[in-house]
*Asks:* 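Please see the structure below; I have some questions.
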Protein chains: 2
Amino acid sequence: MNIKTNRSPLDRETIVARAIEIADEEGVTALTMRSLARRLGYEVMSLYNHIANKGELISLMVDEVAAEVEISSQGPDPLTDVRRMAISMREALVRHPWAPPLWQRELPRAAQVERMEHLLGLLAASTLSPDLAHHGFHAVNNHVLGYTLQELEMTIAIGTESELAAKTQTFLEGLSPEDHPHAIAHIHQHIAGDTSSSFELVLDLILDGLVRLNDE
Amino acid sequence: MNIKTNRSPLDRETIVARAIEIADEEGVTALTMRSLARRLGYEVMSLYNHIANKGELISLMVDEVAAEVEISSQGPDPLTDVRRMAISMREALVRHPWAPPLWQRELPRAAQVERMEHLLGLLAASTLSPDLAHHGFHAVNNHVLGYTLQELEMTIAIGTESELAAKTQTFLEGLSPEDHPHAIAHIHQHIAGDTSSSFELVLDLILDGLVRLNDE
DNA sequence: ACCTGAACACCGTTCAAGT
DNA sequence: ACCTGAACACCGTTCAAGT
């Protein structure tokens, strides 16, 4: 009796879905071909019948996160839709904290291309010049990615997880108030602060700046 | 005769320096404890007499890059110095393309803290409100990091390296002009474009936006 | 105090063999 | 066509032994 029951048939889609589960629950470092196979109820080598290698797996996982980004097109004007997509992208990235560092390591796949195409379309439909639309695409993209990336690192280091919070605490105590007053104040602002409003503040700053530059 | 000649004595400083050499020349993936030991002329295990583990090594390497960022304070006004530091930071990151993805994975070390302290000091000395100074720190930081990160990925994927350029070429050909006109145009803009002027354009957009928001 | 040989517990991946 | 046992070539790291 070789056939194990209670296991779904193996295909790319379910492999990627389980891989995302592991990464969400236990972090990317816990995602190995072996741990993935174990969760699926198959042997490691079976995975290679459906994906070329781990790099392809990760690329597929990232594209699945990209697919969660809302394609917005109902706004009163194109830049409002750009704004909504930026917020939706941040939400998707926060849902999958392992994704930001891997976001653009491979060439974009289907969902990523779709998101990119739509975002560029919105910018082209706006009042922005082609040149500013190009810069705007990257400015928005980088802001979302950079902000989320740093926010997640900060949350990991400072958040309520007692173990790492202690590490940060000893770090903070290592800073002398006379030598590093601003750094100390900055970290305290973080512990008290509301990050998501700060995200939108800078996002609007960028969008407004683009429009202003365009109208000059 | 156990003593090998022609090798510098082992210490943290030279270990980190050689590690950076390997990463610069052959990429981070080529940096293993074994390859590092080989370059130093020692055995692998000797490294552990000077550094705790590979994580600490990488953290030390990143701090060395942070030390290359110019601490600017001669400008006509504080925000000009902020601008200069942002440009200097980008230059340091471009010099060490492996650094951006690792930039804030660990708690900041001495040089990183110094850079942070000075940057925050400049923002505090500017006309910006404490709140906007806080947001400004992250906006500038994220822009530099995000922009450099995406620029480096793009360069790797699109640059003159024939092998990967071909990969991008087939990717481009996979996009149909009727379905993805904007994406195709965007990539062509990249191949032709001047990235470093775009970096400064968005940087100024952010700095001007902060001042404007502050003066409202 | 610093260096190192041997070994351990992992990785991703290949290949030939099974059904 | 898909699954898998055994094996390979790597990792980072530990520990006891050397000097």
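Per chain, numbering begins at 1; letters A, B, ... match sequence-line order. Computed from heavy atoms alone, side chains included, the values below leave out hydrogens, waters and symmetry copies.
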*Asks:* Output the rounded distance in Å from CE (A:Met33) to P (D:dC11).
*Replies:* 19 Å

*Asks:* Passes ring-ring contact (aromatic ring centres under 6.0 Å, His included), A:His182 versus B:His118? Steps please.
*Replies:* CA-CA 8 Å; A:His182 298 107; B:His118 190 77; 9.5 Å; no

*Asks:* Any strand counts, and the cut-off is 3.5 Å on both contacts for Watson-Crick or G-U wobble. Which nucleotide pairs with C:dC3?
*Replies:* none

*Asks:* Would you call A:Glu43 and A:Arg38 a salt bridge, using N to O less than 4.0 angstrom?
*Replies:*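 No, this pair does not count.
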
*Asks:* Could you work out which one of D:dT13, C:dC11, C:dT13 sits closest to the side chain of A:Thr32?
*Replies:*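 Selected nucleotide: C:dC11.
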
*Asks:* Begin from the C-alpha positions of A:His186 and A:His180 and carry the test ring-ring contact (aromatic ring centres under 6.0 Å, His included) through to its verdict.
*Replies:* CA-CA 10 Å; A:His186 182 84; A:His180 307 291; over 10 Å; no

*Asks:* Partner lookup for C:dG12, please. Criteria are Watson-Crick or G-U wobble with both distances under 3.5 angstrom; report none if nothing qualifies.
*Replies:* D:dC8

*Asks:* Does C:dC3 have OP1 or OP2 under 4.0 Å away from a side-chain N or O of B:His50?
*Replies:* yes

*Asks:* Let me know the distance between NZ of B:Lys54 and C1' of D:dC10, rounded to the nearest Å.
*Replies:*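 Atom NZ in B:Lys54 sits about 12 Å away from atom C1' in D:dC10.
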
*Asks:* Roughly, in whole Å, what's the span from CZ in B:Arg38 to C1' in D:dC10?
*Replies:* 12 Å

*Asks:* Return the value, rounded to whole Å, for the distance between atom CD of A:Glu43 and atom P of D:dA7.
*Replies:*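 Value for this atom pair: 15 Å.
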
*Asks:* Could you tell me how far apart B:Leu47 (CG) and D:dC11 (P) are, to the nearest whole angstrom?
*Replies:* 13 Å

*Asks:* Between D:dT13 atom P and B:Asn53 atom CG, what is the distance in whole Å?
*Replies:*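 So the two atoms are 5 Å apart, to the nearest Å.
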
*Asks:* Does A:Arg34 or A:Asn49 map to a spot on DNA chain D nearer the 5' end, using the closest nucleotide for each?
*Replies:*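 The residue mapped nearer the 5' terminus is A:Asn49.
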
*Asks:* Answer with base, sugar-phosphate or nothing: what part of the nucleic acid does B:Met45 contact at a heavy-atom distance below 4.0 Å?
*Replies:*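 Contact class for B:Met45: base.
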
*Asks:* Using the ring-ring contact (aromatic ring centres under 6.0 Å, His included) rule, take B:His190 and A:His138 through it: C-alpha gap first, then chi angles, then the decisive distance, then the call.
*Replies:* CA-CA 11 Å; B:His190 265 286; A:His138 289 298; 4.6 Å; yes

*Asks:* Counting any heavy atom closer than 4.0 Å, what does A:Ser46 reach on the DNA or RNA strands: base, sugar-phosphate only, or nothing?
*Replies:*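 Since a base atom lies under 4.0 Å of A:Ser46, the category is base.
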
*Asks:* Can you tell me how far P of D:dT14 sits from CD1 of B:Ile51, to the nearest Å?
*Replies:* 11 Å

*Asks:* Rounded to whole angstrom units, what separation is found between the OH atom of A:Tyr48 and the P atom of D:dT4?
*Replies:*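 Those two atoms, OH and P, are 15 Å apart.
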
*Asks:* Judged by each residue's nearest nucleotide on DNA chain C, which is more toward the 5′ side, A:Ser35 or A:Ala52?
*Replies:*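 Final value for this comparison: A:Ser35.
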
*Asks:* Does the pair B:Glu56/B:Arg12 count as a salt bridge with the N-to-O cut at 4.0 Å?
*Replies:*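 Yes.
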
